[in-house]
Amino acid sequence: MAHTPGTAIIPVATTPGAARRRRSGRPAAARVVLDEVSKLIIEQLQQDGRRSYASIGKAVGLSEAAVRQRVQRLIDGGVMQIVAVTDPMTLGFRRQTMIGIKCEGDLERVADHLAHMDEIDYVVITSGSFDLLVEVVCEDDDHLLEILSRVRGVPSVTSTETFVYLKLRKQTYSWGTR
């Protein structure tokens, strides 16, 4: 694809491992080069994900159609997603936890396996005391126990530690761009 002045360059990794990671719901970690206008669009959407393309266009100096095209390219390139973020506790889920996991062997394979579990909405490979951290939203303690049994049954998982969320005090996605 040729680069047109004023458009974002969004490279997508094409290695076999990268394709596997994209299937898990997250794009492969690749350095994405964004121009200032694309960064401003992202910042506008971080402030209000329902902001209209016309409103964003006025703020960044583009037409509504140009903003729509750039937003779609950013989504398709895995740079961002636009979602409704809820507080699970207000929707009837009674338990939200972070599970620290210690593993042996291929961490990416274990992370990919866990990423396919519907109840797990966050998987990160870490350094420090745990190899992986996963976030789980459950209906109740019995549901959490069932999920923990499934997590502990994953080959290479050697131990887990569960951190129960008592109250959500802050959750933002407004770190901007670089």
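Worth knowing before you read on, the calculation uses all heavy atoms, side chains too, and leaves out hydrogens, waters and symmetry mates.
- You'll find the side chain of Gln171 reaches within 4.5 Å of the side chain of Val85, heavy atoms only.
- Side-chain contact between Glu119 and Arg150: present, with at least one pair of heavy atoms (C-beta onward) separated by less than 4.5 Å.
- Annotation: side chain of Thr97 is not in contact with side chain of Leu148 (no heavy-atom distance under 4.5 Å).
- Follow the hydrophobic side-chain contacts under 4.5 Å out from Ile147 and you never reach Phe93; the two are in separate clusters.
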Residue pair Thr90, Asp87: steps toward the side-chain hydrogen bond (donor to acceptor under 3.5 Å, both in side chains) verdict: CA-CA 6 Å; Thr90 65; Asp87 179 350; 5.0 Å; no
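- Here the closest heavy-atom approach between residue Arg94 and residue Asp140 is recorded as CB-CA, 4.3 Å.
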Stepwise side chain to side chain contact (heavy atoms under 4.5 Å, CB included) check, Ile75 with Gln81: CA-CA 6 Å; Ile75 292 169; Gln81 53 183 311; 5.7 Å; no
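- Under the 4.5 Å side-chain criterion, counting only non-hydrogen atoms from C-beta, Met80 is in contact with Ile42.
- Put simply, Leu114 and Ile125 are part of the same group of oily side chains (I, L, V, M, F, W, Y) that touch within less than 4.5 Å, one to the next.
- Pairing each heavy atom of Val67 with each of Gly57, the nearest pair is CG2-CA, 3.6 Å.
- Contacts of Arg51 classified as side chain to side chain contact (heavy atoms under 4.5 Å, CB included), with partners at least two apart in sequence or in another chain: Gln44, Gln47, Asp48, Ser55, Ile56.
- To the nearest 0.5 angstrom, Leu45 atom CG is 9.0 Å from Leu74 atom CG.
- Between Lys39 and Glu43 there is no salt bridge, since no side-chain N of the basic residue sits under 4.0 Å from a carboxylate O of the acidic one.
- Cluster annotation: Phe163 and Leu168 are assigned to distinct hydrophobic clusters (Ile/Leu/Val/Met/Phe/Trp/Tyr, side-chain heavy-atom contacts under 4.5 Å, transitive).
- Remark: Tyr122 OH is loosely packed, at most 12 non-hydrogen atoms of other residues, nucleotides or ligands lying under 6.0 Å away.
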Only pairs under 3.5 Å count here: list side-chain donor-acceptor contacts from residues 128-138, not counting sequence neighbours, and write none if there are none.
{"from": "Asp131", "atom 1": "OD2", "to": "Cys103", "atom 2": "N", "distance (Å)": "2.6"}
{"from": "Glu135", "atom 1": "OE2", "to": "Tyr165", "atom 2": "OH", "distance (Å)": "2.7"}

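- Interatomic distance, CD1 of Ile41 versus CD of Gln46, reported as 12.5 Å (0.5 Å rounding).
- Take Arg68 and apply the side chain to side chain contact (heavy atoms under 4.5 Å, CB included) test, not counting sequence neighbours, and it matches Tyr53, Glu64, Ala65.
- Side-chain atoms of Ser149 come within 3.5 Å of backbone atoms of Leu145 as a donor-acceptor pair (strictly under, hydrogens ignored).
- Here the side chains of Thr172 and Lys170 are in contact, with some heavy-atom distance below 4.5 Å.
- Under a hydrophobic clustering in which Ile, Leu, Val, Met, Phe, Trp and Tyr are joined whenever their side-chain heavy atoms come within less than 4.5 Å, directly or via other members, Ile82 and Leu62 fall into the same cluster.
- Listed here is the closest heavy atom pair of Val110 and Ser156: CG2-CB, 3.7 Å.
- Here the side chain of His113 pairs no donor or acceptor atom with the backbone of Arg109 at under 3.5 angstrom.
- The structure places OG1 of Thr158 at 11.5 Å from CZ of Arg152, a figure rounded to the nearest 0.5 Å.
- Met98 and Ile101 are not part of a single hydrophobic cluster, where members link through side-chain heavy atoms under 4.5 Å apart.
- A salt bridge is absent between Glu139 and Arg95: the closest approach of a Lys/Arg side-chain nitrogen to an acidic carboxylate oxygen does not fall below 4.0 angstrom.
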Val79 and Arg73: CA distance, side-chain angles, deciding distance, side chain to side chain contact (heavy atoms under 4.5 Å, CB included) verdict: CA-CA 9 Å; Val79 173; Arg73 199 170 336 164; over 6 Å; no
